Undergrad: 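Below you will find the structure I want to go over with you.
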Amino acid sequence: MSEAEKRPTNFIRQIIDADLESGKHSSVQTRFPPEPNGFLHIGHAKSICLNFGIAQDYKGLCNLRFDDTNPEKEDIDFVNSIEEDVKWLGFEWSGETHYSSQYFDKLHGFAVELIEKGLAYVCFLNADEAREYRGTLTAPGKNSPYRDTSVEENLALFAKMKNGECKDGECVLRAKIDMTSSFMCLRDPILYRVRFAHHHQTGNEWCIYPMYDFTHCLSDAIEGITHSLCTLEFQDNRRLYDWVLENVSIEVTPHQYEFSRLNLEYTVLSKRKLQMLVEENLVNGWDDPRMPTIAAFRRRGYTPGSLREFTKRIGVTKMDNTVEIGVLEACIREDLNDNAPRAMAVLDPIKLVIENYPADQVEQLTVKNHPSDETQGTRIVPFAAELYIEAEDFREEANKKYKRLVIDKAVRLRGAYVITATRCDKDSDGNVTTVYCTYNEDTLGKNPTDGTKPKGVIHWVAAQQSLDAEVRLYDRLFNVANPAAEEDFNSVINEDSLITISGAKVEPSLVNAKPEHAFQFERLGYFCLDNKDVKSDKLIFNRTVGLRDTWAKTAN
RNA sequence: AGGGGUAUAGCCAAGCGGUAAGGCAGCUGGUUUUGAUCCAGUCAUUCAGAGGUUCAAAUCCUCUUACCCCUGCCA
């Protein structure tokens, strides 16, 4: 990871610096704790880079821990995809993968300890009753009628819960804290619920499952986490996090710190909403390249480094924020401009016939793979009398601002000769089908000897030698900057978020393209071979991102 | 007066009592066989607002305002 040059600074790193200096901690231990109930998205990448980045920079460790306390919503497939995504992003977790479910025995023991201390009780209030007893934001709650059950009886009841003698939802184990607290999460929060569900890690061993607030802090403590980083909505929960650790017999090292979650314009970043997009078939799965998931960015041609750079640029604070997609695009363009080999592709081909070029001749031109990085070498590109060029790169007539092919005007064919258009053919609808031109034989690698210099450069492929390709052009999924605020997604979906071009022509060297490895199709943007779909008769390319286009901006 | 948080440029974001970093976006020029890249320049007399302390305030104090989060047997 070469981006380690300048370390980011943020309030969490400042806390760690202080903790290290004061001797509160001698080393740093973090963790990334996803629930395996969906795919990781760019918001998770922020957390991953924060946690693993801190571990790297401070020579500490970072665990990967699945927070798997809700078996009904979780799945082993998500465990696998999450591990894959973290590795792909370029991080290695400390030791084996951890699971909160590994600690179910210990957690149970701590629950028993709380009961013995008179700090937890089994409550038979149903969900509706519990809600009533809880009170509201402005009104205090009232004590459960089961709050004063004896320790002995609570122990027996909890044992029944554990032994499967209570029905689903019949009762819960609650902490005895304060039903009048202004922190709602301190109004006797639920620690355990009864759930006869098969768990992807523990099978049918348990029929009671611990809640997040009870599990997370203890899992952190068990693993020796020093700095437990989470998002802002858990700020209130920190009081419960600390309460549990203070009231149980465990060596306490972890402290929770909260940072703001990432919001990105023109997309949604909540698992629930992403799941909705998948289930309603608004996209083609979690890894549809229009999704903001790690898997989707990967499929689209984003590099791990570009995503890491993005998380570095957006920073870590406690301020609510919505980042413009331009920041993300700038990151991937910067990476790919330096590293993606160039190639030529024509998305909307029209024929170009060079009338003074020998009809049966094919030249094998040597073309640079990168305009300024010589180390990327060269490749062979065939040149012949019949080529394809982009339909929008030709006009019969145009003003001086149009720097492409116009009748009686010259342009450079990228990496080849200077040509001058002479005439064109059109179909019955008036669309240009073929452009005729002459070429200047003495312009390969140099400007015309008459001192003129063509004002434009256009890309091309040789007609006979080119390959057929399908090209998928992606754009933002939503038409509004903040789709999450919308009640109905369907009304703000961008109908042009995917444009499939089936008749593209690409240069022959692209037979060797590898999935996910982006090329710059000159003058068009960055594209990579799709890593999933395959067609026998043509290559399938995804557009990662277009080139910056200041001309399009002023033209419109 | 429920509680917990946050306010610095269009969007992110440094700053931590000594006179407003940086990135993205934008705007001006220059180079260029990609309308890309690259290069140079430009872009907050002011930090949500009002008071106060100080030689000195985005930084400290007081009040006000706006926005976000909290009433799952989700995480």
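Order of the sequence lines fixes the chain letters, A, B, ..., with proteins taken first and strands second; residue numbering starts at 1 for each chain. All of these numbers come straight from a predicted model, not from anything done at the bench.
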Undergrad: Mind checking if A:Lys271 touches a base, just sugar-phosphate, or nothing, with heavy atoms under 4.0 Å?
TA: nothing
Undergrad: Within this structure, what is the CE-to-C1' distance between A:Met179 and B:G2, rounded to whole angstrom?
TA: 15 Å
Undergrad: Sequence neighbours left out, what pairs pass salt bridge (Lys or Arg N to Asp or Glu O under 4.0 Å) with at least one residue falling in residues 169-193 of chain A?
TA: A:Arg147-A:Asp188
Undergrad: Check the side chains of A:Asn479 and A:Tyr266 for a donor-acceptor pair under 3.5 angstrom, ignoring hydrogens and angles.
TA: no
Undergrad: Report the relative orientation of the aromatic rings in A:His108 and A:Trp206; use parallel for angles under 30°, tilted for 30 to 60°, perpendicular for over 60°.
TA: tilted
Undergrad: Tell me whether the count of non-hydrogen atoms from other residues, nucleotides or ligands lying under 6.0 Å of NZ in A:Lys455 goes above 12.
TA: yes
Undergrad: Would you indicate what A:Thr215 reaches in the nucleic acid, counting non-hydrogen atoms under 4.0 angstrom: base, sugar-phosphate, or nothing?
TA: nothing
Undergrad: With sequence neighbours left out, what residues match A:Thr311 under side chain to side chain donor-acceptor pair (under 3.5 Å)?
TA: none
Undergrad: A:Lys446 near the nucleic acid: base, sugar-phosphate alone, or nothing, with a heavy-atom cut-off under 4.0 Å?
TA: base
Undergrad: Quick one: stems involving RNA chain B, counted as three or more successive Watson-Crick or G-U pairs, both distances short of 3.5 Å.
TA: B:2-7 with B:65-70, B:10-12 with B:22-24, B:26-30 with B:38-42, B:48-52 with B:60-64
Undergrad: With sequence neighbours left out, write down each residue that passes side chain to side chain donor-acceptor pair (under 3.5 Å) with A:Asp475, or none if nothing qualifies.
TA: none
Undergrad: In whole angstrom, what separates A:Arg313's CZ from B:A14's P?
TA: 16 Å
Undergrad: Please determine, by modelled atom types, if A:Glu390 and A:His459 share a side-chain donor-acceptor pair under 3.5 angstrom.
TA: yes
Undergrad: In whole angstrom, give me the gap between the C1' atoms of B:A20 and B:A14.
TA: 10 Å
Undergrad: Just confirming the chi classification of B:G72, syn or anti, using 90° around 0 as the syn window.
TA: syn
Undergrad: So if I take every side-chain heavy atom of A:Leu137 and compare against B:U71, B:C11, B:U33, which nucleotide ends up nearest?
TA: B:U71
Undergrad: Determine the Euclidean distance between corresponding C1' atoms of B:C39 and B:U32; express it in Å to zero decimal places.
TA: 11 Å
Undergrad: Who pairs with A:Arg13 by side chain to side chain donor-acceptor pair (under 3.5 Å), at least two apart in sequence or on another chain?
TA: A:Asp57
Undergrad: Using a heavy-atom cut-off of 4.0 Å across all strands, would you classify A:Glu258 as base, sugar-phosphate, or nothing?
TA: nothing
Undergrad: Could you pull out all residues at least two apart from A:Asp236 that satisfy side chain to side chain donor-acceptor pair (under 3.5 Å)?
TA: none
Undergrad: Closest-nucleotide mapping onto RNA chain B: is A:Thr9 or A:Gly445 further toward the 5' terminus? I mean the 5' end.
TA: A:Thr9
Undergrad: Provide a list of protein-nucleic acid N or O atom pairs under 3.5 angstrom, restricted to nucleotides 72-75 of chain B.
TA:
{"from": "B:G72", "atom 1": "OP2", "to": "A:Arg134", "atom 2": "NH2", "distance (Å)": "2.6"}
{"from": "B:C73", "atom 1": "OP2", "to": "A:Arg134", "atom 2": "NH1", "distance (Å)": "3.4"}
{"from": "B:C73", "atom 1": "O2", "to": "A:Arg195", "atom 2": "NH2", "distance (Å)": "2.9"}
{"from": "B:C73", "atom 1": "N3", "to": "A:Gly169", "atom 2": "O", "distance (Å)": "3.3"}
{"from": "B:C73", "atom 1": "N4", "to": "A:Leu125", "atom 2": "O", "distance (Å)": "3.0"}
{"from": "B:C73", "atom 1": "N4", "to": "A:Gly169", "atom 2": "O", "distance (Å)": "3.2"}
{"from": "B:C74", "atom 1": "OP2", "to": "A:Arg193", "atom 2": "NE", "distance (Å)": "3.2"}
{"from": "B:C74", "atom 1": "OP2", "to": "A:Arg193", "atom 2": "NH2", "distance (Å)": "2.9"}
{"from": "B:C74", "atom 1": "O3'", "to": "A:Arg193", "atom 2": "NH2", "distance (Å)": "3.3"}
{"from": "B:C74", "atom 1": "O2'", "to": "A:Asn70", "atom 2": "ND2", "distance (Å)": "2.9"}
{"from": "B:A75", "atom 1": "OP1", "to": "A:Thr69", "atom 2": "OG1", "distance (Å)": "2.4"}
{"from": "B:A75", "atom 1": "OP1", "to": "A:Arg193", "atom 2": "NH2", "distance (Å)": "3.1"}
{"from": "B:A75", "atom 1": "OP2", "to": "A:Tyr212", "atom 2": "N", "distance (Å)": "3.1"}
{"from": "B:A75", "atom 1": "O3'", "to": "A:Asp67", "atom 2": "OD2", "distance (Å)": "3.4"}

Undergrad: Can you tell me, in whole Å, how much space there is between the P of B:A48 and that of B:C11?
TA: 14 Å
Undergrad: Does one side chain, of A:Glu233 or A:Gln235, offer a donor that lies under 3.5 Å from an acceptor on the other?
TA: no
Undergrad: Distance check needed: B:A13 C1' versus A:Ile314 CD1, whole Å only.
TA: 11 Å
Undergrad: I need the full list of salt bridge (Lys or Arg N to Asp or Glu O under 4.0 Å) pairs touching residues 327-349 of chain A, with sequence neighbours left out, sorted by first then second residue.
TA: A:Arg313-A:Glu334, A:Glu329-A:Arg333
Undergrad: Counting any heavy atom closer than 4.0 Å, what does A:Gly525 reach on the DNA or RNA strands: base, sugar-phosphate only, or nothing?
TA: nothing
Undergrad: Within the structure shown, what part of the strands sits under 4.0 Å from A:Val316 by heavy-atom distance: base, sugar-phosphate, or nothing?
TA: sugar-phosphate
Undergrad: Regarding A:Gly326, tell me which of base, sugar-phosphate or nothing describes its non-hydrogen contacts under 4.0 Å with the strands shown.
TA: sugar-phosphate
Undergrad: Just by distance, with hydrogens left out, do A:Asp68 and A:Ser101 show a side-chain donor and acceptor under 3.5 Å apart?
TA: yes
Undergrad: When the C1' atoms of B:G17 and B:C55 are compared, how many Å lie between them, rounded to an integer?
TA: 12 Å
Undergrad: Could you measure between the two P atoms, the one in B:A9 and the one in B:U46, and give it in whole Å?
TA: 13 Å
Undergrad: Can you pull the salt bridge (Lys or Arg N to Asp or Glu O under 4.0 Å) pairs that have at least one residue in residues 441-452 of chain A, sequence neighbours excluded?
TA: A:Asp442-A:Lys446
Undergrad: Can A:Lys73 and A:Glu35 be counted as an ion pair, charged N to O under 4.0 angstrom?
TA: no
Undergrad: What protein N or O atoms touch nucleotides 3-6 of chain B N or O atoms at under 3.5 angstrom, if any, and at what distances?
TA:
{"from": "B:G3", "atom 1": "N2", "to": "A:Asp236", "atom 2": "OD2", "distance (Å)": "2.9"}
{"from": "B:G4", "atom 1": "O3'", "to": "A:Arg239", "atom 2": "NH2", "distance (Å)": "2.9"}
{"from": "B:G4", "atom 1": "O2'", "to": "A:Asp236", "atom 2": "OD1", "distance (Å)": "3.0"}
{"from": "B:G5", "atom 1": "OP1", "to": "A:Arg239", "atom 2": "NH2", "distance (Å)": "3.3"}
{"from": "B:G5", "atom 1": "O2'", "to": "A:Gln235", "atom 2": "OE1", "distance (Å)": "3.1"}
{"from": "B:G5", "atom 1": "O2'", "to": "A:Gln235", "atom 2": "NE2", "distance (Å)": "3.4"}

Undergrad: Looking at every strand, decide which applies to A:Ser181 at a 4.0 Å heavy-atom threshold: base, sugar-phosphate, or nothing.
TA: nothing
Undergrad: Quantified in whole Å, what is the C1' atom distance between nucleotide B:A58 and nucleotide B:C47?
TA: 4 Å
Undergrad: Roughly how many Å apart are B:U8 and B:A13, using the P atom of each and rounding to a whole number?
TA: 9 Å
Undergrad: Holding to ring pair (Phe, Tyr, Trp, His ring centres under 6.0 Å), I want the full list of residues that pass it with A:Tyr212, two or more places apart in sequence or in another chain.
TA: A:His216, A:Phe234
Undergrad: Which value, in whole Å, describes the distance between the C1' atoms of nucleotides B:U59 and B:U19?
TA: 12 Å
Undergrad: Produce a footprint string for nucleotides 35-44 of chain B: one letter per nucleotide, 5' end first; B if the base is under 4.0 Å from any protein heavy atom, S if only the sugar-phosphate is, - if neither.
TA: BSS-------
Undergrad: Do you know which of A:Ile54, A:Leu50, A:Leu229 makes side chain to side chain contact (heavy atoms under 4.5 Å, CB included) with A:Val316?
TA: A:Leu50
